[in-house]
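These notes are about the structure you will find just below.
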Amino acid sequence: MRFINLNANVSEFGFFRSFATTRPRLISSVIVATVITYLAAFAGAHYVLEMSASVGINLGIITGLMLLLLVMCYLQSVLIGDVFFTKNWRERIILGMKVDGALKNHNAEFLIVLLVFVLVNVFTLNFVTKGFFDTYHKEGFFRSELRSSDDTDRKNALVRLTDISNVGLWEEEGLRTLVKNQYVDPSSIVREQAAWNSGEMGDKSARKNLIELLNSDANVEVQSAAAVALGKLGNDTKVREALENKLKSHTSAKGQVAMLRGLALLNSPLSGLAAFEYTQSENEEVALYAYWVVRNGAPTDIRQKLRERLEKPKSEKEKCALLDALKMVATEEDIIWSRRQFENTEKDKKCDPLTWEDRNERVYYVLYSDTFRVKHMKIVANASGVSERNWFDRLVADTSQSWRVREIALEIVKQIDKAK
């Protein structure tokens, strides 16, 4: 069986001999090949980064450029060998002519020169094209896909950008700009995904653009994505005011829930106060999301109002939301009351959870599914866990309590000890 022979003998390459028949012709060939390669690189870079909508065509262009580059580097290396290697090296080794005198093919030197030329030219081409190879590596695929005439293709490109494998690219300003450019895409599904992307990528420079998108006449899905993105980007006065104003202007429950999601992610006490009036909404979903905002913002001056509503809640779901919110603002004044409620509540009576799953599969708990007893325990723990250490110890040892109560009590005791 014959095996493939990896030949490093320059004399057996026989490449482009017609371009090297004489030194002047070789010099002309090098100049022409260099000019063609660099012009092709400029044209190819411009087309790929600014015009192409096909990843396949891009790969074909880059492959062609690499082949041109190798031809150019080979001819440049031959010219160097002709000038600096043994006399008549080109005639004997490249052209295969019989010339009198000792024969030295300079294989190793030639391959080293060729490698150096490849590296130098790649670096130079990347520099003169303003980082084409670097940019294409990071942005090329997304740039091309976002030029597709198909709405779904453009949306899918944005979805792929938020894949966990691309997290390392999220800080790239070029990609962030690409995403923001899609805020004016003619398709609402693309604008919606682009807005969400900015929040997921943590692009705080997008806040102004997202506020404009939020206040545009876009549909509620786009506005909802913008609201969620703004919430993820962290507390900011202009963002909070924009979300609160949009909450007031929305008359639909769907729109109000969207704005409340953004405010909940913002975690601002001022948002908690603004959302509190919506806890009395006739729409139960709006009311429960408003309580979520209150819980996350935890404005301390609504504690008394929460206690008052707990005297006569509208429903068990509202009671669950009230207890979750009170847990965040409870004081020592709530300890005796909460312990009494713990004793007077049925052991297994619990809240049904209400969750919202974001498009990255992250789940947010609008309502927690703890039993009422556990919720009262957490109120006591947050109000003054250290002073109630003995009570929690008794709950841990009380076999008549549910396993969940004893488990939470033990965890609270550990946290108390850890804090000492």
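Keep in mind that what you see is a predicted model, and the values were worked out from it rather than measured.
- A salt bridge links E145 and R160; the closest N-O separation between the charged side-chain nitrogens and carboxylate oxygens is under 4.0 Å.
- One finds the CD atom of Q401 at 8.5 Å from the CZ atom of R406 (value rounded to the nearest 0.5 Å).
- Listed for the E221 side chain is no donor-acceptor partner under 3.5 Å among the backbone atoms of I189.
- Note that CG of L213 is 10.0 Å distant from CD of E192, once rounded to the nearest 0.5 Å.
- For the 3.5 Å distance criterion, the side chains of R359 and Q193 qualify, holding a donor opposite an acceptor.
- When all heavy atoms of D185 and R191 are compared, the pair lying nearest together is O-NH1, 2.8 Å.
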Problem set entry | CA sep, side-chain torsions, deciding dist, call: R303, D334, salt bridge (charged side-chain N to carboxylate O under 4.0 Å, His left out) | CA-CA 10 Å; R303 172 189 156 276; D334 300 304; 2.8 Å; yes

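- In terms of modelled atom types and a separation under 3.5 Å, the side chain of D370 and the main chain of K375 share no donor-acceptor contact.
- With a 4.5 Å cut-off on side-chain heavy atoms, L367 and C351 do not count as touching.
- For S29 (side chain) and F19 (main-chain N/O), a donor-acceptor pair under 3.5 Å exists by modelled atom type.
- Heavy atoms from other residues, nucleotides or ligands lying under 6.0 Å from CE of M66 number more than 12.
- Within the 3.5 Å criterion, the main-chain N or O of A45 finds no donor-acceptor partner in the side chain of E50.
- With hydrogens and angles disregarded, a donor-acceptor distance shorter than 3.5 Å links the side chain of T279 to the backbone of F276.
- With sequence neighbours excluded, the residues forming a side-chain contact (heavy atoms from CB on, under 4.5 Å) with T237 are R240, E241, listed by chain and number.
- No donor-acceptor distance shorter than 3.5 angstrom exists from the side chain of W170 to the backbone of L175, with no hydrogens or angles considered.
- If you take CG on L306 and CZ on R295, they are separated by 12.5 Å, rounding to the nearest 0.5 Å.
- To the nearest 0.5 Å, the span separating CE on M72 from CG on L67 amounts to 12.5 Å.
- Residues S384 and E332 meet the side-chain proximity criterion, which asks for heavy atoms closer than 4.5 Å.
- You'll find the side chain of F392 stays beyond 4.5 Å of the side chain of K414, heavy atoms only.
- Listed for the K378 side chain is no donor-acceptor partner under 3.5 Å among the backbone atoms of L323.
- At a cut-off of 3.5 Å, with distance as the only test, no side-chain donor of N360 or W196 sits close to an acceptor on the other residue.
- In terms of modelled atom types and a separation under 3.5 Å, the side chain of N166 and the main chain of T162 share no donor-acceptor contact.
- In terms of modelled atom types and a separation under 3.5 Å, the side chain of N156 and the main chain of T152 share a donor-acceptor contact.
- A distance of 11.0 Å separates CG in L26 from OG in S18, rounded to the nearest 0.5 Å.
- Using a 4.5 Å cut-off on side-chain heavy atoms (C-beta onward), W292 and L354 make no contact.
- Checking side-chain atoms of N126 against main-chain N and O of F132 turns up a donor-acceptor pair under 3.5 Å.
- Note: L395 CG to M377 CE = 5.5 Å, rounded to the nearest 0.5 Å.
- Using modelled atom types, one finds no donor on one side chain facing an acceptor on the other under 3.5 Å when comparing N197 with Q182.
- Judged purely by distance below 3.5 Å, without hydrogens or angles, the side chains of S165 and D163 pair a donor atom with an acceptor atom.
- The closest side-chain heavy-atom distance from N235 to N267 is not below 4.5 Å.
- A salt bridge links E407 with R404: the distance from a Lys NZ or Arg NE/NH1/NH2 to an Asp or Glu carboxylate oxygen falls below 4.0 Å.
- Surrounding OH of Y365 are at most 12 heavy atoms belonging to other residues, nucleotides or ligands under 6.0 Å away.
- Taking all atoms of both residues into account, the shortest heavy-atom contact from A53 to S148 is CB-N, 4.3 Å.
- Between Y38 and T124, the closest side-chain pair of non-hydrogen atoms falls below 4.5 Å.
- Side-chain contact of Y183 with S216: a donor-acceptor pair under 3.5 Å is absent, judged by distance alone.
- Inter-residue side-chain proximity for Y289 and Y278 is flagged as unmet; no heavy-atom pair is nearer than 4.5 Å.
- Taking 4.5 Å as the limit, some side-chain heavy atom of F110 sits within range of a side-chain heavy atom of V78.
- Note: F133 and F127 fail the aromatic proximity criterion, with ring centroids not under 6.0 Å apart.
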